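Report on the structure given below.
Nothing here was measured: the structure is a model prediction, and the numbers come from that model. What you see below is based on every heavy atom in this structure, not just the backbone, and it leaves out hydrogens, waters and symmetry mates.
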2 protein chains.
Amino acid sequence: MIRLLIADDEDLIRGALTALLELEEDLTVAAEAATSTDAVRLAREHRPDIAVLDLEMPPADGLRAAEEISAESAIKIILVTRHARPAVLRRALAAGVQGFVPKTTPATRLAEIIRDVAAGRRYVDPDIAASALTEDDCPLSDRELEVLRASRTGASIREIAAQVHLAPGTVRNYLSAAMAKLGVNSRHAAAHRAWEQGWI
Amino acid sequence: MIRLLIADDEDLIRGALTALLELEEDLTVAAEAATSTDAVRLAREHRPDIAVLDLEMPPADGLRAAEEISAESAIKIILVTRHARPAVLRRALAAGVQGFVPKTTPATRLAEIIRDVAAGRRYVDPDIAASALTEDDCPLSDRELEVLRASRTGASIREIAAQVHLAPGTVRNYLSAAMAKLGVNSRHAAAHRAWEQGWI
DNA sequence: GTGATCGCATGACATCTGTCATCAGGAGAC
DNA sequence: GTCTCCTGATGACAGATGTCATGCGATCAC
């Protein structure tokens with residue numbers, strides 16, 4: 001019997017996933033978590049074989065939870081995400097996850113993937129993997145990503161500067177560099193583009 | 001037996017919901033749709049008792065599908081959404097839906113809600129309904145919403161003007177008015193705020 | 001040591017944005 | 001008819017933003 005931890009912030013989805021997986025003879029849901037912190041705690045308490053984590057989960061995202069769980073245990077991790085971009089996959093693999101499943105995967109496949117991972121194999125969505133190999137990597141530096149992230153809410157240069165503890169002029173330089181790299185001419189367009197690509 | 005149409009663009013979620021609902025003795029899933037256009041078509045073909053539609057669904061959103069379905073048939077509609085804001089609820093009720101269910105609803109409740117709606121009652125998430133009654137309505141005019149919508153991707157005034165077929169100066173006026181109403185001082189912050197509120 | 005590179009900052013300049021006052025043409029109200 | 005709204009448009013102005021050249025210190029290779 002493969003024991004699972006299911007983590008998703010949306011009760012409806014989490015419950016539906018649990019129902020789906022409990023239909024399988026060899027799978028059982030040992031615990032459910034609605035937040036990334038709960039996921040880490042419940043993984044520690046219940047020691048499931050596999051943790052199925054949603055990527056989009058407050059307060060820290062599922063990636064952070066995945067890092068923590070795999071750092072302190074041998075629990076295998078399958079990351080489920082709506083925002084399946086090559087960049088996200090890269091980050092997920094770096095965090096030590098064994099499975100990467102976009103929400104566009106047919107529901108019937110999920111149980112098979114779980115069994116695969118339980119058997120020690122890895123699973124990565126083939127489409128995403130293919131794009132990850134061909135697509136360009138993120139050309140932005142850490143600082144550039146940081147200021148772009150801060151500008152997503154429409155903040156002014158001054159506000160961004162305060163947030164990242166830099167001089168306003170410096171912020172403008174980073175934004176300018178990012179805009180040039182992304183081929184746009186406003187930081188808002190740059191932030192939008194970077195978000196689309198899964199870079200921030 | 002209550003016959004259902006399930007529409008959600010994410011295969012995994014749709015399949016999980018189907019599994020969840022098929023567990024109930026008196027419910028059966030007659031059709032599944034992955035797009036809003038498919039939802040309309042399958043509703044016409046299969047004549048389910050109730051259509052369970054995800055709000056966030058390409059190409060037109062679930063609201064549009066809900067309008068079309070309820071315009072041409074007596075099929076009852078339950079709208080499921082991640083982005084449950086009072087403004088969205090208002091629009092949903094105007095579109096003629098019988099049930100409004102945020103994805104934070106416990107999975108165990110969904111079947112009960114479906115039975116309620118099938119019995120001719122309405123269901124609206126109580127929290128959202130309460131906020132809808134107390135919270136301020138959207139203060140923005142149609143034009144203001146239109147230009148804000150167009151500015152979400154970080155477009156320049158000139159690009160927005162081209163999109164909405166107005167003079168650049170006029171666009172600036174509308175944006176300025178919207179910014180004043182929302183208490184911010186950049187159109188990007190205004191667009192972000194309006195999006196947060198579910199107005200665009 | 002020297003030199004190269006990198007991260008952070010500054011200042012000058014042209015352009016874009018946001019604000020505001022104003023105007024022209026319709027649509028209704030009376 | 002006149003008067004009043006409303007939508008769309010224009011122009012002027014201040015301030016914010018994007019671009020670019022430059023400076024300064026720390027680090028690293030040699």
Side-chain angles (χ1 to χ4, degrees), chain A residues 63-64 87 90-91 94 136-200, chain B residues 87 90-91 94 136-200:
Chain A
L63 216 48
R64 202 71 66 77
R90 250 185 271 266
R91 282 196 276 163
D136 288 337
D137 204 358
C138 170
L140 303 170
S141 72
D142 288 349
R143 279 298 195 188
E144 286 159 5
L145 290 172
E146 191 180 3
V147 291
L148 279 183
R149 221 170 283 133
S151 69
R152 267 195 316 180
T153 55
S156 68
I157 299 263
R158 197 182 304 252
E159 290 167 326
I160 300 171
Q163 258 188 61
V164 300
H165 305 294
L166 284 176
T170 309
V171 169
R172 282 202 277 167
N173 286 339
Y174 284 122
L175 286 172
S176 188
M179 287 152 53
K181 286 179 183 175
L182 298 180
V184 297
N185 43 24
S186 95
R187 66 198 140 96
H188 306 287
H192 186 78
R193 178 73 55 91
W195 175 81
E196 271 182 346
Q197 296 295 324
W199 293 334
I200 54 178
Chain B
R90 252 184 270 264
R91 283 197 274 164
D136 289 337
D137 203 357
C138 171
L140 302 171
S141 72
D142 288 349
R143 278 299 196 190
E144 286 159 6
L145 289 171
E146 193 180 1
V147 292
L148 278 184
R149 223 171 281 132
S151 69
R152 267 195 314 180
T153 56
S156 68
I157 298 264
R158 196 180 307 249
E159 290 167 327
I160 299 171
Q163 258 187 62
V164 299
H165 306 293
L166 284 175
T170 309
V171 169
R172 282 202 279 168
N173 285 341
Y174 284 121
L175 286 172
S176 186
M179 287 153 53
K181 286 178 183 175
L182 298 180
V184 298
N185 42 26
S186 97
R187 65 197 141 96
H188 306 288
H192 186 79
R193 179 72 56 90
W195 174 82
E196 271 181 347
Q197 296 294 324
W199 294 334
I200 55 177

*Quick one: how far along DNA chain C does chain B reach, first to last nucleotide 5' to 3', anything under 4.0 Å to a heavy atom?*
C:dT17 to C:dC20

*asked:* Filter on ring-ring contact (aromatic ring centres under 6.0 Å, His included), then keep only pairs touching residues 146-196 of chain B, sequence neighbours left out; what's left?
replied: A:His188-B:His188, B:His83-B:Trp195

*Do nucleotides 9-26 of chain D as a string where each nucleotide becomes B, S or -: B if the base has a protein heavy atom under 4.0 Å, S if just the sugar-phosphate does, - if no protein is that close.*
BB------BBBB------

*May I have all residue pairs that pass salt bridge (Lys or Arg N to Asp or Glu O under 4.0 Å) and include part of residues 150-164 of chain A, sequence neighbours excluded?*
none

_Minimal non-hydrogen separation, A:Ala150 against A:Ile160, with atom names_ = CB-CG2, 3.8 Å

_Listed partners of B:Ala161 passing side-chain contact (heavy atoms from CB on, under 4.5 Å), at least two apart_ = B:Pro168, B:Val171

_Taking salt bridge (Lys or Arg N to Asp or Glu O under 4.0 Å) as the cut-off, I'd like each qualifying pair that reaches into residues 182-199 of chain B, sequence neighbours left out, listed once._
none

_According to salt bridge (Lys or Arg N to Asp or Glu O under 4.0 Å), does anything in residues 138-149 of chain B pair up with another residue at least two apart or in another chain? List the pairs._
B:Arg143-B:Glu146, B:Glu144-B:Lys181

_Suppose we screen for side-chain hydrogen bond (donor to acceptor under 3.5 Å, both in side chains). Which residues come up paired with B:Arg172, at least two apart in sequence or across chains?_
none

